[in-house]
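Working notes, beginning with the structure itself.
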Amino acid sequence: MSDPRPAPQQWRDLLLREITLPSAVDQLPAEQALGRCLAAEVRSPEAMPSVPIAAMDGFAVRRGDLTVPGRTTLPVSAELPARPGAVPALAAGTAARIMTGAAVPLGADAVVEVEATDADPFGPVPAAVTLVLQELPPAQRHVRVPGEEVAPGELLAAAGDRVGPGLVGLARALGVATLPTRRRHRVSVVVTGDELTAEAESPGSVRESNGAMLAAALRADGAEARAPLHSGDDHAGLRAMLARAAADSDLVLTTGGIGHGAFDVVKTLLGEHGSSTSRFAHLALRPGGPQGWGRLDGGVPVVHLPGTPVGALVGFHLFVRPLLAGDAAAVATVLLGDTTADGARRRPGAVHAMAGRLRRRADGREVVDLLPGRRLAPYGRADAIVLRGAPGTEDGWARVVRL
């Protein structure tokens, strides 16, 4: 790129072109696949129901035995509860008391609801039943025919769909023991900075938060986030941490150390004055302008995020999530609502990332309101990043990334 300040969309497109995370399939028991994305489509191995099933408590009959309009009295030849076992065929001129979910006997072509008979729904099976009908019930009345719910070979879910409770239940109902899921991408986070500590116990120390924040963001997008690693501002320590992170990861994220100072250790180790294995740029983006990417030992891709918490969070959602979540990380256009929080002076030509909260208007249209607060504070309740100044939006509209 010749532009010294690439646009965020240019950087996003660059990373999508250059970084392809490895794909692998995990065949998981249906219950363990919850939340995973499918690696392949799933089709039904059989019909559901597999045999005709009663959809109502009543009496299974042959319609040819019925008198309509009028009363028909038939001997009751069987009682059919919903339980496993062979079901005898229905003899001509008889009825069978049947419960919801029970297999309909061969020969029966309708179930007459118990309310249309003189039978006691809670009493013992009667010797005979009288049915009072004004018209002939249609064929298969109150009968769930084979394949009515799911046909053999029917598509249950497509590749890329996220496994939800409904698919888990459907798979179990159809005897699908395992589901082909995409293996979770293994991602390591390396946090840099001598000043970062677990507790701010001395002057100049800062509680480290980016590692936990980025690990949580990774898990929210279905990745397997490794325990964050911390490196100080020295090349030897950082080199060792990066090698450790790359050893068992599909992707490594670093945060911090990519500015223009003498202690920006990530940039001096991996940039043009170091190994030149990473490329760095300052985007037309506030916050989150400093960004970078490259490759570590074994070709493992690495994305470099700023050290400021809000810059790291914005950079993750704009540039890392598309690698992990695909369309779920797409930029959307929604109506712009309350902008009273937009009081800051904005640099011309830059995209300003601001915390937003989505809502639905009475007419159902989606609107985003800007949240008040500085730096990371408004992201405590945000569910969107609003890209103010992003190209392709008109007055009254906003480009957003959902969190």
Do the side chain of [X] and the main chain of [Y] share a donor and acceptor less than 3.5 angstrom apart?
| X | Y | answer |
| --- | --- | --- |
| Arg162 | Gly35 | yes |
| Glu208 | Asn210 | yes |
| Arg388 | Ala350 | no |
| Thr94 | Ala91 | yes |
| Gln32 | Pro29 | no |
| Arg63 | Pro137 | yes |
| Asp383 | Leu358 | yes |
| His235 | Val266 | no |
| Asp13 | Gln10 | no |
| Thr72 | Leu66 | no |

Could you tell me whether [X] and [Y] have a side-chain N and a carboxylate O separated by less than 4.0 Å?
| X | Y | answer |
| --- | --- | --- |
| Asp248 | Arg226 | yes |
| Arg321 | Asp221 | yes |
| Asp26 | Arg36 | yes |
| Arg295 | Glu18 | no |
| Glu149 | Arg144 | yes |

Exercise for the section: For salt bridge (charged side-chain N to carboxylate O under 4.0 Å, His left out), just list the numbers for Arg183 and Asp250, CA-CA rounded to whole Å, side-chain angles, deciding distance to a tenth of an Å, and then say yes or no. Expected result: CA-CA 11 Å; Arg183 197 200 70 194; Asp250 301 314; 2.5 Å; yes
Exercise for the section: For atom CD of Glu272, decide whether the heavy atoms of other residues, nucleotides or ligands shown that lie under 6.0 angstrom number more than 12. Expected result: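 Incorrect, the count does not exceed 12.
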Exercise for the section: Taking atom CZ of Arg374 as the centre, report whether more than 12 heavy atoms of other residues, nucleotides or ligands fall under 6.0 Å from it. Expected result: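 No, the 6.0 Å shell around CZ holds no more than 12 heavy atoms from other groups.
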Problem - Name of the residue among Leu15, Leu318, Leu305 meeting side-chain contact (heavy atoms from CB on, under 4.5 Å) with Gln291 - result: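 Of the listed residues Leu15, Leu318, Leu305, the side-chain contact (heavy atoms from CB on, under 4.5 Å) partner of Gln291 is Leu305.
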Handout entry: Positive for side-chain contact (heavy atoms from CB on, under 4.5 Å) with Leu269, one of Thr277, Thr192, Leu242
Key =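 Among Thr277, Thr192, Leu242, the one that satisfies the side-chain contact (heavy atoms from CB on, under 4.5 Å) with Leu269 is Leu242.
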If we only count heavy atoms from C-beta on, is the [X] to [Y] side-chain gap below 4.5 Å?
| X | Y | value |
| --- | --- | --- |
| Arg43 | Glu154 | no |
| Val252 | Val300 | yes |
| Thr181 | Cys37 | no |

Exercise for the section: Kindly compute the distance separating OH (Tyr379) from CZ (Arg357), expressed to the nearest 0.5 Å. Expected result: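 That separation rounds to 14.0 Å.
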Handout entry: Value rounded to 0.5 Å, distance of CG in Leu131 from OG1 in Thr67
Key =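 Answer for the CG-OG1 pair, Leu131 versus Thr67, is 10.0 Å.
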Practice task
Return yes if a side-chain donor-acceptor contact under 3.5 Å exists between His304 and Thr254, otherwise no.
Solution key: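 Checked: His304/Thr254 side chains pair up, N/O donor to acceptor below 3.5 Å.
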Problem - Polar contact flag, side-chain donor to acceptor under 3.5 angstrom, Glu224-His185 - result: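 No, no side-chain donor-acceptor contact under 3.5 Å.
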